[in-house]
Amino acid sequence: MYRFLLSPRWLAAAALAVAAAVVMVMLGNWQLRRYEERTAINDRIDAADSVAAVPLTSKLSRPTTPGAAGESPGKALAWTKVTVSGRYDPAHEIQARGRTVDGDVGFEIVTPLVLDDGSAVLVDRGWVPAPEGGATAAPVVPPAPTGPVTVVGQIHLSESRPAPIEHRNGRLDTRRISLSKLAPEMPYPVYGAYVLLTEQTPAADAAFTQIPIDHEDSWQNGGYAVQWWLFAAMALGAYVYYARKEARGESGETRSRPQTPDRPRTSGGDRVEEADRRRAAAAATPGDRVSDADRAHSD
């Protein structure tokens, strides 16, 4: 019954359906992995207030080359709560302009924290509003504390699409916090991720606004995964549907059907002609003369 499936046309169709389904399943699996990654990030963001901070040096690889960024920890460690101690270096402070918090545009102030071993980690101390002079005017920034400082915060990965570095207002000025661009401006090795400050000893200046952390849209990836898997099932289902249709002789090709003779159609015409035809038919049929006369009279 299904011998036609061995024909070249149907073998090619089967190969195409299977290949399409495999690709769609792979895309669905990739979206599932993205869902799992983003869900793990969201879990770390949510747990930051309730878990104990771990030493930064236990999570990030120590950089060794002055003027260069160390190895990135990767997404698996993004937003991990860490603690680190050292001394701020305001001489190499960074202002990241055009940063938005609650709809207001301002600056994020990033200051290197130099550890006892001579390496440094960039610490995003918080956000300050842009002055009245505009988004490029010098912001009012509380000075970094002098002496030993202990910072608690969350690991933030280096931002993509590096922007040019300028010297403005006594600071390094940039649009993006990209470690590959900023590290060459530093005289010491720089860790491969920076820290978004949440607590500090001594306490951070109240003029800073803590940077809010947005959650990842993991459910979008979950939805895409289900869609790709459904598309894979539809590709195989379409092949099975048309194969069964072919097997039942319902391939959709036009079949020859017995022609039914057309019925004679009565064309519309003059009422007198129609009456003459009825009268002639009645005359040709033997019958009662009274009935014939009545029919003729009625016409």
Side-chain angles (χ1 to χ4, degrees), residues 30-65 68-89 94 96 99 101 108-127 144-145 148-162 176-183 186 188-204 208-222:
W30 179 79
Q31 290 288 353
L32 178 63
R33 288 193 295 273
R34 291 289 294 135
Y35 166 79
E36 293 171 343
E37 289 174 359
R38 288 185 160 186
T39 299
I41 289 174
N42 290 337
D43 290 343
R44 287 196 292 275
I45 293 173
D46 293 336
D49 292 335
S50 58
V51 300
V54 298
L56 173 82
T57 53
S58 69
K59 295 296 181 182
L60 301 185
S61 300
R62 180 180 179 275
T64 57
T65 306
E71 182 182 355
S72 171
K75 294 180 180 179
L77 290 178
W79 306 116
T80 299
K81 188 177 182 180
V82 294
T83 183
V84 59
S85 297
R87 294 173 181 268
Y88 280 124
D89 175 18
I94 303 151
R99 315 290 278 204
V101 172
E108 289 181 33
I109 306 302
V110 182
T111 309
L113 184 71
V114 182
L115 282 61
D116 291 341
D117 61 9
S119 63
V121 60
L122 301 187
V123 177
D124 190 331
R125 294 198 288 144
W127 179 91
V149 175
T150 297
V151 167
V152 175
Q154 291 176 266
I155 292 175
H156 196 307
L157 303 183
S158 176
E159 294 179 348
S160 59
R161 295 180 286 122
R176 311 284 292 175
I177 306 175
S178 172
L179 296 171
S180 62
K181 295 286 287 188
L182 291 168
M186 310 290 168
Y188 28 66
V190 178
Y191 276 86
Y194 67 99
V195 174
L196 203 62
L197 185 148
T198 55
E199 301 175 38
Q200 180 182 280
T201 304
F208 282 111
T209 298
Q210 185 174 321
I211 308 298
I213 301 175
D214 295 328
H215 283 67
E216 299 276 342
D217 189 3
S218 59
W219 286 107
Q220 182 182 53
N221 297 101

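Any value given below was found using the heavy atoms of this structure, including those in side chains, with hydrogens, waters and symmetry copies removed.
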Backbone N or O of Ile177 within a donor-acceptor pair of the Glu159 side chain at under 3.5 Å? yes
Exactly one candidate in Thr198, Val123, Thr201 meets side chain to side chain contact (heavy atoms under 4.5 Å, CB included) with Val151; the answer is Val123
Side chain to side chain donor-acceptor pair (under 3.5 Å) against Gln200, all qualifying residues, sequence neighbours excluded: Tyr88
Under 3.5 Å: donor-acceptor pair, side chain of Lys59, backbone of Thr80: no
If I compare all heavy atoms of Ala183 with all of Ala69, which pair ends up nearest, and what's the gap? CB-N, 3.5 Å
Could you grab the distance from atom CG of Leu122 to atom CG of Asp124, nearest 0.5 Å is fine? 9.5 Å
Shortest non-hydrogen pair, Gly118 vs Pro189, comes out as O-CD, 3.9 Å
Flag the pair Ser178 / Arg161 as yes when at least one side-chain heavy-atom distance between them is below 4.5 Å, and no otherwise. no
For Pro112 and Tyr188 the tightest heavy-atom approach is CB-OH, 3.2 Å
Can you name the side-chain contact (heavy atoms from CB on, under 4.5 Å) partners of Thr65, sequence neighbours left out? Ala68
By the definition side chain to side chain contact (heavy atoms under 4.5 Å, CB included), identify the one residue from Thr83, Leu60, Val82 that meets it with Val195. Val82
Can you tell whether the side chains of Arg34 and Glu37 come within less than 4.0 Å, N to carboxylate O? yes
For residues Gly126 and Ile211, report the shortest heavy-atom separation together with the two atoms involved. C-CD1, 3.9 Å
Considering non-hydrogen atoms only, spot the tightest contact between Leu197 and Gln210 and give its length. O-CG, 4.0 Å
Under a 4.5 Å cut-off applied to non-hydrogen side-chain atoms, are Thr57 and Val84 in contact? no
Identify the residue among Ile155, Asn42, Leu196 that makes a side chain to side chain contact (heavy atoms under 4.5 Å, CB included) with Trp79. Leu196
Heavy atoms only: give me the nearest His156-Ala193 pair and the separation to one decimal. O-CB, 3.5 Å
Within the supplied structure, the quantity of interest is the number of heavy atoms (other residues, nucleotides, ligands) at a distance under 6.0 Å from Glu36 CD; does it exceed 12? yes
Pairing residues for Tyr35 by the ring-ring contact (aromatic ring centres under 6.0 Å, His included) criterion, not counting sequence neighbours: Trp219
With a 4.5 Å cut-off on side-chain heavy atoms, are Arg62 and Thr64 touching? yes
Is the backbone of Leu179 close enough, under 3.5 Å, to the side chain of Ser158 for a donor and an acceptor to pair up by distance? yes
Non-hydrogen side-chain atoms of Thr111 and Ile109 separated by less than 4.5 Å: yes
Do Met186 and Asp89 touch side chain to side chain, with heavy atoms closer than 4.5 Å? no
Considering only heavy atoms from C-beta outward, does the side chain of Leu182 approach that of Val190 to under 4.5 Å? no
